[in-house]
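Both counts, for ligands and for their atoms, begin at 1 and track the order of listing.
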Amino acid sequence: MRAIIPLMEIFSKKEIVEILSNDDKNDWLFSLADKVRKEYVGDAVHLRGLIEFSNICKRTCKYCGLRCENKNIDRYRIEAEDIIFYAKKAAEMGYRTVVLQSGEDEFYNAKKLAEIVKEIKKADVAVTLSVGEMSFDDYKMLKDAGADRYLLRIETTDRNLYKQMHPNMDFDNRKRCLKDLRTLGYEVGTGCLVGLKGQTIESLADDILFFMEINADMVGIGPFIAHPDTPLKDAPNGSFSLALKVMALTRILLKNINIPATTAMETLNPNGRIIALQSGANVVMPNVTSTEYRKKYEIYPNKICINENPEQCRGCIENKIKSIGRTIATDCGFRKK
Ligand code: 5AD
Ligand code: FES
């Protein structure tokens, strides 16, 4: 029985804008998103083991602490054999997906990454890549090596804001990447930042409509958090509740997709991931690398879990998930059909 929820009333952009613009219907919105989540993807939460394997990046995104112009950061690159070690350890700990994430580090080109993916695929895990913009051929090489999914947030669908935030990058190329990933048969993840300076509610509504338009399999949404070593250091942080609303609407409209309770949400609210899991999210991505790297992967300040080790994070998040009556998924967590 699917027809529990009358959704037609919030399909238009105007109505999305209205919901995002005022807070009187927040309780209704979050509980509706929670119902849709339960109905379409169930109570099991998928844990993805995250390996942030290099903080070296050639880009200069204005909001991101990893931008190459930031000299106040200790750069690192985990060696291939250690990446494989962490991935296999994650599999032994029970993770069914490993996410390999990095800055746009040219050392780790598609060829090198393909070797790593092939090795990791010998363990019984799905592999998600999140390493930025590449050519069709590179994405193909990685798919052929066994990669299952790819995360590439559009960040914002406002073309002008995109341009301001991403010097020397091309909005159309980012869209091309998402299209190529789809063509190649990846599960495609995208998402946006909420609270960028100059971002309007209308453009957030467009972001949600974009997720629908490309039929995203996964959508990650997080509030912007000002990093002191970036040009946006004095900009106000994004709002936790607005990010939560964008996420809840995304759940209501895209229904059966995977939505993470993002680390950025917990950075702004000590219970942020649990609140997100009760407002539409069904995925958490605990870090599975050693403590030494965590501090250095400072996309934004006050990131959570930087002093914990993989075992502590696994235990911590499992307990939190169980405390709200949810379970830990045992399957790889592809998009439910
Ligand atoms: N605040 C919040 N999220 C950020 N990201 C990058 N910088 C920040 C920041 N200052 C997000 C981007 C990117 C993801 C890996 O981290 O959306 O896609
Ligand atoms: Fe890392 Fe809670 S998930 S300490």
Which of parallel (below 30°), tilted (30 to 60°) and perpendicular (above 60°) describes Y86 and Y293?
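Answer is perpendicular, since the angle exceeds 60°.
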Options G132, G220, P223, ranked by nearest heavy atom to atom 2 (C) of ligand 1, top entry
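Closest candidate by heavy-atom distance is P223.
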Look at atom 10 (N) of ligand 1 and find which of I225, T263, T230 reaches it with the closest heavy atom.
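Looking at heavy atoms only, the winner is I225.
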Any nitrogen or oxygen of [X] lying under 3.5 Å from a nitrogen or oxygen in ligand 1? Just yes or no.
X	result
Y63	yes
H227	no
Y300	no

Any salt bridge between E318 and K322, counting N to O under 4.0 Å?
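Salt bridge between E318 and K322, a charged N being under 4.0 Å from a carboxylate O: yes.
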Protein contact to atom 7 (N) of ligand 1 [nearest heavy atom, distance to 0.1 Å]
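Ranking protein heavy atoms by distance from atom 7 (N) of ligand 1, first comes I299 CG2, 2.9 Å.
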Of the protein's non-hydrogen atoms, which lies at the shortest distance from atom 17 (O) of ligand 1, and what is that distance?
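The closest one turns out to be E155 OE1, 2.5 Å.
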Whether the [X] and [Y] side chains hold a donor-acceptor pair (N or O, under 3.5 Å, no angle test) is what I'd like checked.
X	Y	result
E155	H166	no
E133	N173	yes
R75	N70	no
S54	Y297	no
N282	N258	yes
R153	S130	no

Take T183 and Y139, measure what side chain to side chain donor-acceptor pair (under 3.5 Å) needs, and give me the verdict at the end.
CA-CA 10 Å; T183 305; Y139 286 147; over 6 Å; no
Check atom 2 (Fe) of ligand 2 and write out every protein N, O or S atom at under 2.8 Å, as residue and atom.
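Less than 2.8 Å away from atom 2 (Fe) of ligand 2 sit C316 SG.
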Proximity flag R273 to ligand 2, non-hydrogen atoms under 4.0 Å
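It does, in that a heavy atom of R273 comes within the 4.0 Å cut-off of ligand 2.
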